[in-house]
Amino acid sequence: NFSSVDKLFCLFANVAVPAEYVSPEKLICVSPAHRFGSVSLEIASYDGDGVAISATAAPPSTDLYGLTSDGVVFTFYPDVLVLAVFPTSGDTLGGSEVVITAQNIVESPNLTCRFGSVVVPASYLSPMSCSCFAPAQASEGIVSREVALNGVDFSLNDVQFGYLLP
């Protein structure tokens, strides 16, 4: 139960970042830069004298009150660099299997592809490839085709996929 008046922080291992209050059950935190791997993620409240807290180090322990200690794990993923897609087009009915060649593909339960604004599940093939099925599209045209390891942070390579009438 979070309060909008608390000074809340997310602790990614030993790095504190400010938390944005959304509701008593929800906060938003921007994860700090970090190498690939998993770290503990906890929520804390700062009840000190208003001294600014650096986003590169946890606040002094005497002023930081842990609100959680339940062992939640946050995984940092590498950036995906999409190199190619095959085939480069499919019909508007969807259903074409598309193989994506990319750097830094990691087997993940949240591996996804995005065709324009439509997100679909992906299957891990190797550290350099994954596949997904193109969704149906209302009309022919070109859409951006991207990949996310966590279902949220998509590659930004603007690799295009064309939709054609059947």
Side-chain angles (χ1 to χ4, degrees), residues 1-85 98-133 135 143-159 161:
N1 243 356
F2 305 116
S3 167
S4 63
V5 297
D6 290 340
K7 295 175 186 169
L8 299 168
F9 294 86
C10 293
L11 295 173
F12 294 85
N14 65 344
V15 178
V17 296
E20 177 187 339
Y21 174 87
V22 177
S23 73
E25 294 82 32
K26 185 175 182 180
L27 301 175
I28 295 176
C29 298
V30 176
S31 60
H34 196 279
R35 70 184 190 293
F36 173 60
S38 297
V39 299
S40 64
L41 173 60
E42 303 296 345
I43 306 300
S45 176
Y46 181 67
D47 192 24
D49 57 7
V51 175
I53 296 175
S54 166
T56 60
S61 60
T62 56
D63 295 325
L64 188 68
Y65 298 95
L67 299 180
T68 63
S69 60
D70 50 9
V72 172
V73 174
F74 182 87
T75 302
F76 288 90
Y77 288 103
D79 290 336
V80 175
L81 175 63
V82 175
L83 304 172
V85 297
V98 179
V99 175
I100 297 96
T101 302
Q103 292 178 349
N104 298 325
I105 297 290
V106 175
E107 194 164 6
S108 161
N110 298 312
L111 183 61
T112 52
C113 294
R114 183 173 63 194
F115 290 79
S117 62
V118 180
V119 176
V120 296
S123 297
Y124 175 84
L125 300 175
S126 76
M128 291 289 293
S129 65
C130 65
S131 69
C132 50
F133 290 92
V143 298
S144 180
R145 234 280 325 111
E146 304 297 345
V147 174
L149 301 175
N150 62 4
V152 177
D153 299 309
F154 285 88
S155 56
L156 300 173
N157 305 112
D158 196 28
V159 174
F161 183 82

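Treat the numbers as computed from the prediction; the structure is a model and nothing was measured.
Of the possible donor and acceptor atoms, one in the side chain of Asn157 sits under 3.5 Å from a partner among the backbone N and O of Val82. Of the possible polar contacts, one joining the Ser108 side chain to the Leu149 backbone as a donor-acceptor pair under 3.5 Å is found. Between the side chain of Ser155 and the main chain of Val147, a donor-acceptor pair closer than 3.5 Å is present.
Put simply, CZ on Phe12 and CZ on Phe74 are 5.0 Å apart, with the number rounded to the nearest 0.5 Å. One distance of note links OG1 of Thr101 with CG of Leu81; it measures 11.0 Å at 0.5 Å rounding. Note that CG of Leu11 is 8.0 Å distant from CG of Leu41, once rounded to the nearest 0.5 Å. Interatomic distance, NZ of Lys26 versus OH of Tyr21, reported as 12.0 Å (0.5 Å rounding). Once rounded to the nearest 0.5 Å, the distance linking CZ of Arg145 with CG of Asp158 reads 11.0 Å. Here Leu111 contributes atom CG and Ile105 contributes atom CD1; the two are 6.0 Å apart, rounded to the nearest 0.5 Å.
Across Phe36 and Pro78, no two heavy atoms sit closer than the pair CD1-CD, 3.2 Å.
Relative to the ring axis of Phe154, Arg114 places its NZ or CZ within 45° and under 6.0 Å from the centre.
Not a single side chain to side chain donor-acceptor pair (under 3.5 Å) links Ser31 to another residue, sequence neighbours left out. Every side chain to side chain contact (heavy atoms under 4.5 Å, CB included) that Ser126 has, sequence neighbours left out, goes to Met128, Ser129. Not counting sequence neighbours, the partners of Cys113 by the disulfide (SG to SG under 2.5 Å) test are Cys132. For Ser131, the side chain to side chain donor-acceptor pair (under 3.5 Å) partners are Glu97, not counting sequence neighbours. Scored by the side chain to side chain donor-acceptor pair (under 3.5 Å) test, Ser123 finds no partners at all (sequence neighbours excluded). Taking Asp153 as the reference, Asn150 meet the side chain to side chain donor-acceptor pair (under 3.5 Å) condition, with sequence neighbours excluded.
Side-chain polar atoms of Ser40 and Glu42 form no donor-acceptor pair below 3.5 angstrom.
Taking the six-membered ring where the residue is Trp, His34 and Phe76 present parallel rings, their angle staying beneath 30° rather than reaching 60°.
Put simply, the side chain of Cys10 reaches to within 4.5 Å of the side chain of Ile43, judged on heavy atoms.
Counting heavy atoms of neighbouring residues, nucleotides and ligands inside a 6.0 Å radius, atom CG of Asn110 exceeds 12 of them.
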